[in-house]
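Okay, so here's the structure we're looking at.
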Amino acid sequence: MKRTLVIITHPNFENSVVNKLWINELSKYPDQYYIHNLHEVYPDGILDVKKEQALIEGYDHIVFQFPFYWFNCPPLFKTWLDGVLTYGWAYGSESGYKMGNKKVALAVSVGIDEKEYTPEGKYMYTLEQLLAPFEVTFRYIKADYQGFYAYYGIERDSSEEAIQSSLAPYMKFIQGV
Ligand SMILES: Cc1cc2nc3c(=O)[nH]c(=O)nc-3n(C[C@H](O)[C@H](O)[C@H](O)COP(=O)(O)O)c2cc1C
C-alpha cells in the first residue's frame, strides 16, 4: 500500500484549527500516512539533516504542509529546505537527486480569501505565483511536483462548518499525490 510522508511545519500547532483538523484526520490512518511535525520533533529548531534525508529516502510520496505566513512558509520549513537539500544529496552530482522523481506536493492553509489572490484582488498575485519558489525548487531537484491544495479565507470565516468543509478536498488531494 502507498504510504505518504506528510511534513508539517506550524510554529503554533497547539492553537491551530485547520492544520490540526487535517493532521488529526491523517493520524487515523497510520498505515497510509506518516506525519512528521517539524516543530514537535525539533522544538529548538535545530534539524538532524541526516535523519531528515534518511526519512525522505524512505518515501516516494511527500506532502509539505504549512500555514501561509507573510506570503511565504514559516521559517522552519525554509530552514529545512536550506539544510536538507544539500549538494550531493538533493542535486549536483551523480549520487545526488535523491528526491528525483518522488511525487511532492504542498498543502497550505491561507487566512485571506482566494479572490484577493488574483490580479484584480488586494494582493495581486495568485497563490500559484506566490508558491513558485517551491515549485522551481522541486524542479531544480528533479522532484515530480503535483501542485498544491489550499484552503483560503480562515480570517473571514473560521466557523466550524467552514473549517470542516476543507477536510474532504484536502483528503482527496493528499490521496492523489
Ligand atoms: C504570523 C502570521 C502571518 C500570517 N500571514 C498571512 C499571509 O501572509 N497571508 C494569509 O493569507 N494569511 C496569513 N496568516 C493567516 C494564517 O495563514 C492562518 O491563520 C492559518 O493558515 C490558519 O491555519 P491554522 O488554523 O492551522 O493555524 C498569517 C498568520 C500569522 C499568525
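Here the structure is a predicted model, which means the values were calculated and not measured. Note that ligands are numbered from 1 as they come in the structure, with each ligand's atoms numbered from 1 the same way. What's counted below: heavy atoms across the whole structure, side chains too, no hydrogens, waters or symmetry copies.
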Between S166 and I163, which heavy-atom pair has the shortest distance, and what is it?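 Closest approach of S166 to I163, heavy atoms only: OG-O, 2.6 Å.
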Check F148, Y145, F66, F68 against F134 for a ring-ring contact (aromatic ring centres under 6.0 Å, His included) and give me the one that passes.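 Looking at F148, Y145, F66, F68, the match for F134 under the ring-ring contact (aromatic ring centres under 6.0 Å, His included) is F66.
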So if I only count non-hydrogen atoms and take anything under 4.0 Å from ligand 1, which residues does that give, chain by chain?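 Its neighbours under 4.0 Å (heavy atoms only) are H10, S16, V17, V18, N19, P67, F68, Y69, W70, F71, S109, V110, G111, I112, Y117, I154, E155, given by chain and number.
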I'd like to check the side-chain contact (heavy atoms from CB on, under 4.5 Å) partners of F173; sequence neighbours left out, ordered by chain and number. A105, Y149, V177
Same apolar cluster: W70 and Y152, side chain cutoff 4.5 Å: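 Yes, one cluster joins them.
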Taking the side chain as every heavy atom from C-beta outward, state whether Q146 and K103 have any pair of such atoms under 4.5 Å apart.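 Yes. Closest side-chain heavy atoms under 4.5 Å.
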If I take atom CE from residue M99 and atom CD from residue E57, how far apart are they, to the nearest 0.5 angstrom?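 The CD atom of E57 is 10.5 Å from CE of M99, to the nearest 0.5 Å.
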